[in-house]
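Values in this document were obtained by computation on a predicted structure and should not be read as measured data. Every chain is numbered from 1, with letters handed out A, B, ... down the list of sequences.
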Protein chains: 2
Amino acid sequence: MLVSSAMTARNAAQKKRGYHHGDLGRALVAAAVELIRDRGPEAFTLREVANAVGVTHGAAYRHFEDKTALLAAVAEDGFRALGAHVGRAVASDPRGPRERLRSIATAYVEFAMDRPAHYRVMSGPRLNEDGRFPSLEAAIDEAFAFVIEEIRRGQAEGVFRREPARDLALGVWVMAHGYVELVFRRRLKVKSPKVAVEYFEKLFTPYLDGLAPKPPRRA
Amino acid sequence: MLVSSAMTARNAAQKKRGYHHGDLGRALVAAAVELIRDRGPEAFTLREVANAVGVTHGAAYRHFEDKTALLAAVAEDGFRALGAHVGRAVASDPRGPRERLRSIATAYVEFAMDRPAHYRVMSGPRLNEDGRFPSLEAAIDEAFAFVIEEIRRGQAEGVFRREPARDLALGVWVMAHGYVELVFRRRLKVKSPKVAVEYFEKLFTPYLDGLAPKPPRRA
DNA sequence: ACCTGAACACCGTTCAAGT
DNA sequence: ACCTGAACACCGTTCAAGT
């Protein structure tokens, strides 16, 4: 569903050079994503990313306060794309809250498999430690709001149990995020991104069933 | 339940100096845990850890092949302690599989809250990339075996649904790990480790309910 | 056998200087 | 306004030399 489009970073940078590089800020972000995709966020180097777009490493400081700020820009792009992807999933699924909730969780995992570099920056390093980048928090909340809303709808229709919607929604987030983490850390081996998404739907089913009202007492 | 005991690292190193430091290897591991607890695994520095035990940074290479090997030693200690903690939880809980499974998952979260430095190293950096540290993998599998075993027991007693035990067990791991990750990254704010554990039990309940046989069809 | 001290190649950050 | 190039303080790793 999602289409990766960072391969053209270097070309774009060379083409539309305004002063020296057109929009160096965006070129740096794109190059960073490419590097992180190939070698992980911990191997990511400011000097290397500057080198990739053909600029001295000092030049990056004209566009980002420090290395963390560049990573935060990657993360924010990611959260916005995640919100959009989840939003599309919920909008295009006319079935009831139960299936829409499944779609939302699946879309989350799908996004992670499709944009692993973004996801790892989003979930990895402790950016925003002392409240820098408040827009980052906003983007997270926006994506999470879809889950809460869908839980509420299901409760109103009587198909989900009546507990604080936030608690139930957090369970969904916990499952989707925990699953992706296990896959990325290779604790859980999967043959392909497609298989990873399918297997998540299976693992997620008990939780979905457990959301039903009047939980069954044990036999 | 668990008692942290790394504060005495420097003292112990000074007391029982055999050649220069008694067991420098263990002293380095203990000092590393202390540093990571205070400032996170990404701020962790080999030079600083050597300095903390009163030794030149080059000396560490007599005991660990490189920085990753030292972190792997921390992680392995952690996995063994986790296995022991989970093992105690399941052994001391005579109630049925359902409550024992809850105890296992809770013990997992408890461990993470009690030994955050260990947990973050265990779950954080991609150690064991190319199959180094196979004993690390073994320790992980050992802890996970408790979950699978309990699922099987519940299936035999007819209180859990009959699906591959590994799938259902992975769901438990996903929830516990995903929850801890959200707490550590402060996406989920909790007042204390104790509250964190209690709140997990609440979030986990739908999954536990969903493990029951014959899932309820939606209304 | 174990540790020191100096060296090496690298890193993020800063800043005068160029255009 | 934007970038360069050199400098600074740091890092992991290596290795001859000391005990």
Side-chain angles (χ1 to χ4, degrees), chain A residues 10 12-29 31-32 35-36 38-74 121 124-127 129-130 132-133, chain B residues 9-10 12-29 31-32 35-36 38-75 121 124-127 129-130 132-133:
Chain A
R10 192 140 50 239
Q14 285 171 342
K15 248 188 238 168
K16 57 169 296 197
R17 45 176 65 234
Y19 189 79
H20 271 116
H21 266 97
D23 190 346
L24 182 55
R26 294 229 60 80
L28 289 170
V29 169
L35 279 175
I36 292 164
D38 296 344
R39 304 213 301 275
E42 54 282 329
F44 160 77
T45 274
L46 209 56
R47 292 171 108 105
E48 200 172 5
V49 90
N51 205 308
V53 310
V55 107
T56 300
H57 59 276
Y61 288 85
R62 197 64 39 186
H63 300 266
F64 299 99
E65 212 179 317
D66 55 16
K67 191 190 179 188
T68 304
L70 174 50
L71 283 173
V74 173
V121 174
R126 250 157 299 310
L127 318 164
E129 194 67 346
D130 37 304
R132 304 172 70 188
F133 321 123
Chain B
R10 192 141 49 239
Q14 285 172 340
K15 248 190 240 167
K16 57 168 295 194
R17 46 175 62 232
Y19 187 79
H20 270 114
H21 267 98
D23 190 346
L24 182 55
R26 294 228 60 78
L28 288 170
V29 170
L35 279 176
I36 292 164
D38 296 343
R39 306 213 300 274
E42 54 282 331
F44 160 77
T45 274
L46 210 54
R47 293 171 108 108
E48 201 173 4
V49 92
N51 205 308
V53 309
V55 107
T56 301
H57 59 277
Y61 288 85
R62 199 59 44 182
H63 301 266
F64 299 99
E65 213 180 316
D66 54 17
K67 191 190 181 189
T68 304
L70 174 51
L71 282 173
V74 172
V121 174
R126 248 157 300 307
L127 318 164
E129 195 68 345
D130 37 306
R132 302 173 70 187
F133 321 122

Whole-Å distance separating the [atom1] atom of [X] from the [atom2] atom of [N]:
X     : N      : atom1 : atom2 : value
B:H57 : D:dT13 : NE2   : C1'   : 8 Å
A:N51 : C:dG12 : CG    : C1'   : 15 Å
A:E42 : D:dG12 : CD    : P     : 15 Å
A:L46 : C:dG12 : CG    : P     : 5 Å
A:F44 : C:dG12 : CZ    : P     : 8 Å
A:R47 : D:dC8  : CZ    : C1'   : 11 Å
B:L24 : C:dA1  : CG    : C1'   : 13 Å
A:D23 : D:dC2  : CG    : C1'   : 13 Å

Stems formed with participation of DNA chain D [Watson-Crick or G-U wobble, under 3.5 Å, three or more pairs]: C:4-8 with D:12-16, C:12-16 with D:4-8
Side chain proximity check, [X] to [Y], heavy atoms < 4.5 angstrom:
X      : Y     : answer
A:F44  : A:V74 : no
A:E42  : B:E42 : no
A:E48  : A:L35 : yes
A:F133 : A:L71 : no
A:V49  : A:V53 : no

Could you tell me whether A:H63 contacts a base, only the sugar-phosphate backbone, or nothing, with contacts defined as non-hydrogen atoms closer than 4.0 Å? sugar-phosphate
Exercise: identify the closest heavy-atom pair between B:L46 and B:Y61: CD2-OH, 3.5 Å
Compare every heavy atom of A:I36 with every heavy atom of A:P41, then report the nearest pair and how far apart it is. N-CG2, 3.8 Å
Between [options], which nucleotide has the shortest distance from any of its atoms to the side chain of [X]?
X     : options               : value
B:Y61 : C:dT4, C:dC11, D:dT14 : D:dT14
B:V55 : D:dC3, D:dG12, C:dC3  : C:dC3
A:R62 : D:dC3, C:dT4, D:dT13  : D:dC3

For B:G58 and for A:G58, locate the closest nucleotide of DNA chain C by heavy-atom distance; then report the residue assigned to the nucleotide nearer the 5' terminus. B:G58
Does A:T56 have a side-chain nitrogen or oxygen under 4.0 Å from the phosphate oxygens OP1 or OP2 of D:dC3? no
